[in-house]
Amino acid sequence: MAEPPQKIVVRFAPSPTGYLHLGSARTGLYNYIFARRNAGHFILRIEDTDLSRSTDEAILQIVSSMREMGLEWDEGPEAPGAHAPYRQTERQPIYHEYIEKLVGSGQLYACFCTPEELETERQAAQAEKRAWVYSGKCRALPAEDAERRRAAGEPWTLRMRVPPGKTVFHDLLRGPVEFDNDTFGDFIVQRSDGTITYNLAVVVDDVSMEISHVIRGDDHISNTPKQVVIYEALGAAVPEFLHMPLLFGTDKKKLSKRHGATKLEQLTAEGFLVDVVRNYLCFLSAEFDESMIAWTLDDLVEKFDVLKLGTSASIFDPEKLRWMNGRFIRQLGDVELGERLEEYLTRVGFYREPAAVEVLAKAGPEALAAAVEGAESAHAPALPPDEEQEGLTRILAPLVREKMDVLADFIPMAGWFFRPLAFGDEAVERLQATPSAAEVLREAAVVLAGLDVWAVERIEPLVRELPQRLGVKPKAVFAALRLGMSGQSVTPGLFESLWVLGRDDAVGRLSTAAALL
RNA sequence: GGCGCAUUCGUCUAGGGGCCUAGGACGCCGCCCUCUCACGGCGGUAACACGGGUUCGAAUCCCGUAUGCGCUACCA
């Protein structure tokens, strides 16, 4: 790898207007990977210039989502460093310092046009189907006049004196991108209330934080020439830009609540694993490689090249994520799967009320996620498994591994082990529809009760010889037993399930079911 | 309206002038395996937005058009 020409410093700058959605999370991820990969520095900055929409709560959420993904920052909230502070609201003095500089060098000028005047101009332009850019009316106002009007209390803004010509910047993914300066004209950098405008704030932050590479969504491409103009006015080095393609929902619109899960926490509540979500997010806009499903963050840093990203927007596909999650689960060892399951089931409150959570799980992932969120915001303590539940979870883990895509799948599949036998109407009907069910159940109970060593290898042959002995089709025997022990038609392997129940419970359940018919 | 970015199977993508009668993955369909559901295996379905060039030859280069998205604010 070529020696980096300078110290690499990147930043991720979300605005705290809500939770961190997957699109932003992805931007954070790429920044992190790029920084680590190049032995660079990663700064987390909070763009809370928009006071009305920013909340401290949101900052906390962002911080926690970043941590959950393992994206540690070198500098930022809770990790102060040389470039503090990290909230734009706390950086006002810095902005004004730079503003002074620009005013001093004549790059900025005061504009007294009122919003109404500008609006009129804009409307006129629109009526003529003409592009509107600021006319530059106040551009040549003599300094004395400006001073006098200011003193008189007239409201004014500060505009950038944009030079004529073109502005070209380099994009790491697309090469040179060119804009005509007169397509945007002299833009405002300081509002009449003295606050600073977005484009100025970003540039000042990036300059003062010595950012070398700006990695952000491609919705910022159009802002970039204005920012470059500011860099140049400041005499600062223009960083490299990498505008990454946006992430859309299945309807090709920006990801929003309507698309189901749009934040990490919701996905994990539905039983997706962060490891997988991270890799999925990373590999959108890049060539898929099956081996990457199990990659760790460190693997991504080592092997994933942000410069190889595609340039067109991609759509978030929950189906593929689900498949990837299943693949990931299947390559997990017994112990680790057991741990993950335990952690997950605790979080969704399964151990507290298995039956109730089972109902939720059957209602769908959204219901489950909503319940988790509700519990967490109410700060209800998660109830860890008792000894018996823990043992059961561990034993079951390898038996359900092949059947799960998300951890939540465990609940409908194996939830019945954790509660007393119960039959729904459908289960009873199925049982009654199964030939000789009562006889099969009774006979199986008797045979199993007589088994001295309770092991899968002993249970299986016993059950397998039942069909012939009773003159019933094998399928009917298995179906009756499955329904009889669990009350449902989908379970882990039959012999293993009987074994997990233990002799007494298994025999008891089968007898109970038989009595029902 | 102006400017910009984008445009290969339904979705994520490979492809950077001949290797492409366009490859892989998810999904979907079928078959096999099988005690249910799955896993797994095998096979199939399906795309270069359109129109012009350039070239012996274009998915690949150029120009238009269309579509989508973004910016066009004293939003970020």
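Lettering of chains follows the sequences in order, A, B, ..., and the numbering in each one begins at 1.
When the side-chain nitrogen and oxygen atoms of A:Lys129 are compared with OP1 and OP2 of B:G2, none of them lie within a distance under 4.0 Å. Not one side-chain nitrogen or oxygen of A:Arg216 sits closer than 4.0 Å to the OP1 or OP2 atom of B:G70. Between A:Arg330 and B:G40 there is a side-chain polar atom (N or O) within less than 4.0 angstrom of OP1 or OP2. Distances shown here put a side-chain N or O of A:Arg464 below 4.0 Å from the OP1 or OP2 atom of B:C35.
The heavy-atom pair separating A:Trp499 from A:Trp454 by the smallest distance is O-NE1, 3.0 Å.
Contact annotation for A:Arg327: backbone-only contact, meaning every heavy-atom pair under 4.0 Å involves sugar-phosphate atoms and none involves a base. Residue contacts for A:Glu319: at a heavy-atom cut-off of 4.0 Å it reaches the sugar-phosphate backbone alone, with no base atom in range. Among the atoms of the strands shown, only primed sugar atoms or phosphate atoms (P, OP1, OP2) are found under 4.0 Å from some heavy atom of A:Ser312. Note on A:Thr224: nothing from the nucleic acid sits closer than 4.0 angstrom, heavy atoms only. Across all strands, A:Ser15 comes closer than 4.0 Å only to sugar-phosphate atoms, never to a base (heavy-atom distances). Residue A:Thr311 is classed as a sugar-phosphate contact, given heavy-atom separations below 4.0 Å to backbone atoms only. The residue A:Arg122 sits close only to the backbone: its heavy atoms come under 4.0 Å of sugar-phosphate atoms, none of a base. Looking at heavy-atom distances under 4.0 Å, A:Val177 makes contact with sugar-phosphate atoms alone, never a base. Residue A:Phe495 is classed as a base contact, given a heavy-atom separation below 4.0 Å to a base. Within the 4.0 angstrom heavy-atom criterion, no nucleotide atom of any strand lies near A:Cys282.
A donor and an acceptor atom sit less than 3.5 Å apart, one in the side chain of A:Asn223 and one in the base of B:A76. In the interface, the side chain of A:Ser314 is not paired with the base of B:C12 through any donor and acceptor atom under 3.5 Å apart. Side chain A:Ser222 to base B:G70: a donor-acceptor pair is found below 3.5 Å. Side chain A:Lys403 to base B:U36: a donor-acceptor pair is found below 3.5 Å.
The nucleotide B:C19 finds no pairing partner, because no Watson-Crick or G-U wobble arrangement with both distances shorter than 3.5 Å includes it. The pairing partner recorded for B:G1 is B:U72, the criterion being a Watson-Crick or G-U wobble arrangement whose two distances lie under 3.5 angstrom. Under the Watson-Crick or G-U wobble criterion, with both distances below 3.5 Å, B:U7 is paired with B:A66. Remark: B:U60 base-pairs with no nucleotide in the shown strands. Criterion, Watson-Crick or G-U wobble with two distances under 3.5 Å.
Looking only at atom types and distance, the side chain of A:Arg26 has a donor-acceptor partner in the side chain of A:Ser285 under 3.5 Å away.
For the pair A:Phe478 and A:Arg464, the minimum side-chain heavy-atom distance is below 4.5 Å.
Aromatic pair A:Phe288/A:Phe283: ring centres not closer than 6.0 Å.
No salt bridge links A:Asp299 with A:Arg278; every basic N to acidic carboxylate O contact stays at or beyond 4.0 Å.
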